[in-house]
There are 2 protein chains.
Amino acid sequence: MKFLNQIAAIPLFSGLAERQLEDLAMIVVDQQIRRGQTIFHQGDEGTGFYVVASGKVKIYKLNPDGKEQILHIFGPGEPFAEVPVFAGQCFPASAEALEDSRLFFFPRPAFVNLIRLHPSLALNMLAVLSRRLRQLVSLVEDLSLKEAPARLAAYLLYQSHQQGAPVFELDILKGQLASLLGTSPETLSRILARLVREGFIESVGPRIRILDKSGLQELAAGVKRLS
Amino acid sequence: MKFLNQIAAIPLFSGLAERQLEDLAMIVVDQQIRRGQTIFHQGDEGTGFYVVASGKVKIYKLNPDGKEQILHIFGPGEPFAEVPVFAGQCFPASAEALEDSRLFFFPRPAFVNLIRLHPSLALNMLAVLSRRLRQLVSLVEDLSLKEAPARLAAYLLYQSHQQGAPVFELDILKGQLASLLGTSPETLSRILARLVREGFIESVGPRIRILDKSGLQELAAGVKRLS
DNA sequence: CGAGACGCTTGACTTACATCAAGGCAGGTT
DNA sequence: AACCTGCCTTGATGTAAGTCAAGCGTCTCG
């Protein structure tokens, strides 16, 4: 059966029996998207949700002046746009591919039926939404209670942790990072320069080396500030 | 059985059979809280979730300087603190009673079992989390993409709509409203004064009268600004 | 090769909002 | 009545970060 292996590898579907995975494979729709292409706009009706098979997708909001705030960036294996499946039906935000991507689309009615039949699928989905909630709470906290340098420090530490090394490469463009951190490219550039000047990091292009991890942690927590 | 009627009236549990409501009533714990009292702190371990029976509760974050951001304010019938039930186990934020309140507490293990047995309970919970996600996305949008006057305008319109009249009373203290809108009491006070001066509203103490609904809507949408 | 286009950086300026400080007003207590 | 205390308002000042504008390296493509 088509895509069965790839579907089985999606964390959201972990713990499901072979039979249930086959049910999923029955309803899935495969979709190719080019970099820069819009997947949906906020306000569009949501007829199902997606899982990233390959590539990278951003979920974002725009204001009337054209300023953008990125809410999430999702990579392989991560589901997105589940909200309209369970509440209301329109998307609260827009989605666009940051790279050429392949998506699995699961139509709503069939998926809701599967959830009814399989409690472990429901619990997995509850866990996904709960983690998402946690992420968003943290974004609100960052935007409202921390300054831009603290947000950047937190992001750098997170990336370094994810990639498992004190030296790493930013995996998104700096302009996109600015939008994710809720600031402008100019401000991001200036803060990065200050972090270098004050010895917290080295930076060449997208390559970052963390020199003072505990200093960055203090910045990120908001207990210390740049001079 | 104790509390059965009140539990049956909670929207989260709508559509459940009598038998299932009785199961819930078996596991519920009743809890009285005084105004100002803390229910839990962020980082505490979450052993279950709550539903407000009466009173009012705020969910909030603090930064090291003591600045507060309110994430939600919940009233009768609304569940909160579900996140640690399904993902991780510690609370992402803190909770405090804004009024003397009565809470129903549902211990995690028993509740998770009920979810396994009753798919409609799972779907109800998914709907609750999805709506919560929508709310938080909207909060991020407000904080990052709108100015304080737009946030206040949106709040006033929402309250007016909720209470079903162009004249209404703020149901929380202005200081708390400032924290909910991500601003300071001083700034809130000034913006309110400007809204009055420019003829959008009348305001005496906590009493608000909306004079120019469409003007406020334009402010809230960010297409127009205060002069 | 030259010309764009794009992404990033840097400098000069502007601004929304926070902070600090003082005072007003209402409700409750002695 | 005098006096808190809590909440709100108003004024003066400070600042983080946005905006505008110019310039630079890199890559692509005619």
Side-chain angles (χ1 to χ4, degrees), chain A residues 35-36 58 62-70 98-99 142-153 169-198 201-208 219 222 224-227, chain B residues 35-36 58 62-70 98-99 142-153 169-198 201-208 219 222 224-227:
Chain A
R35 173 190 151 115
K58 74 172 170 187
L62 290 178
N63 77 359
D65 307 338
K67 185 180 172 190
E68 174 188 275
Q69 172 70 49
I70 295 181
L98 290 177
E99 306 171 355
D142 286 356
L143 290 172
S144 173
L145 301 177
K146 297 182 178 173
E147 325 195 314
R151 305 203 282 272
L152 176 56
E169 299 228 346
L170 296 174
D171 61 351
I172 53 176
L173 295 176
K174 289 183 181 177
Q176 294 298 300
L177 177 54
S179 170
L180 182 62
L181 298 179
T183 189
S184 64
E186 294 95 327
T187 298
L188 176 64
S189 183
R190 278 184 252 270
I191 295 172
L192 219 32
R194 285 165 71 192
L195 288 179
V196 170
R197 199 170 338 120
E198 301 189 19
I201 60 171
E202 282 173 10
S203 156
V204 186
R207 174 166 244 95
I208 306 281
L219 277 182
K224 192 171 69 171
R225 350 191 56 212
L226 287 178
S227 25
Chain B
R35 173 191 149 111
K58 74 171 171 187
L62 289 178
N63 78 358
D65 306 339
K67 185 181 171 189
E68 175 188 276
Q69 172 69 50
I70 296 180
L98 290 177
E99 307 171 354
D142 286 356
L143 290 172
S144 173
L145 300 177
K146 296 181 179 173
E147 321 194 315
R151 306 203 282 273
L152 176 55
E169 300 229 345
L170 296 175
D171 61 350
I172 54 176
L173 294 176
K174 289 183 181 178
Q176 295 298 300
L177 178 54
S179 169
L180 183 62
L181 298 181
T183 188
S184 64
E186 294 94 327
T187 297
L188 176 64
S189 184
R190 278 185 252 269
I191 295 172
L192 219 32
R194 285 165 71 193
L195 288 179
V196 170
R197 201 174 331 123
E198 302 190 19
I201 60 171
E202 282 173 10
S203 156
V204 187
R207 174 167 244 95
I208 306 279
L219 278 181
K224 193 171 69 172
R225 346 189 61 209
L226 286 179
S227 25

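Letters go in sequence order (proteins before strands), and every chain restarts at 1.
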Check for a donor-acceptor pair, side chain of A/Glu202 on one end and backbone N or O of A/Val196 on the other, with a separation under 3.5 Å.
no

Are B/Leu226 and B/Leu195 close enough, and set up right, to give a side chain to side chain contact (heavy atoms under 4.5 Å, CB included), and what steps lead you there?
CA-CA 8 Å; B/Leu226 286 179; B/Leu195 288 179; 4.0 Å; yes

Donor-acceptor pair, B/Asn63 side chain versus B/Asp65 backbone, under 3.5 Å?
yes

So what does B/Leu173 touch, heavy atoms closer than 4.0 Å: a base, only the sugar-phosphate, or nothing?
sugar-phosphate

Do A/Glu169 and A/Arg207 meet the salt-bridge criterion of a basic N to acidic O distance under 4.0 Å?
yes

For chain B, the stretch of DNA chain D it reaches, first to last nucleotide, under 4.0 Å of its heavy atoms
D/dC7 to D/dA12

Determine yes or no for a side-chain-to-main-chain donor-acceptor pair under 3.5 angstrom, with A/Ser179 supplying the side chain and A/Glu68 the backbone.
yes

Hits for side chain to side chain donor-acceptor pair (under 3.5 Å) against A/Thr183, two or more places apart or cross-chain, chain-then-number order -> none

B/Gln69 side-chain N/O to B/Leu62 backbone N/O, donor-acceptor pair under 3.5 Å
no

Using a cut-off of 4.0 Å on non-hydrogen atoms, how would the nucleic acid contact of B/Arg197 be classed: base, sugar-phosphate, or nothing?
nothing

I'd like to know if the side chain of B/Lys174 and the backbone of B/Gly205 have a donor-acceptor N/O pair within less than 3.5 Å.
yes

Using a cut-off of 4.0 Å between protein heavy atoms and nucleotide atoms, how would you tag nucleotides 11-21 of chain C 5' to 3' with B, S and -?
BB---SSSBB-

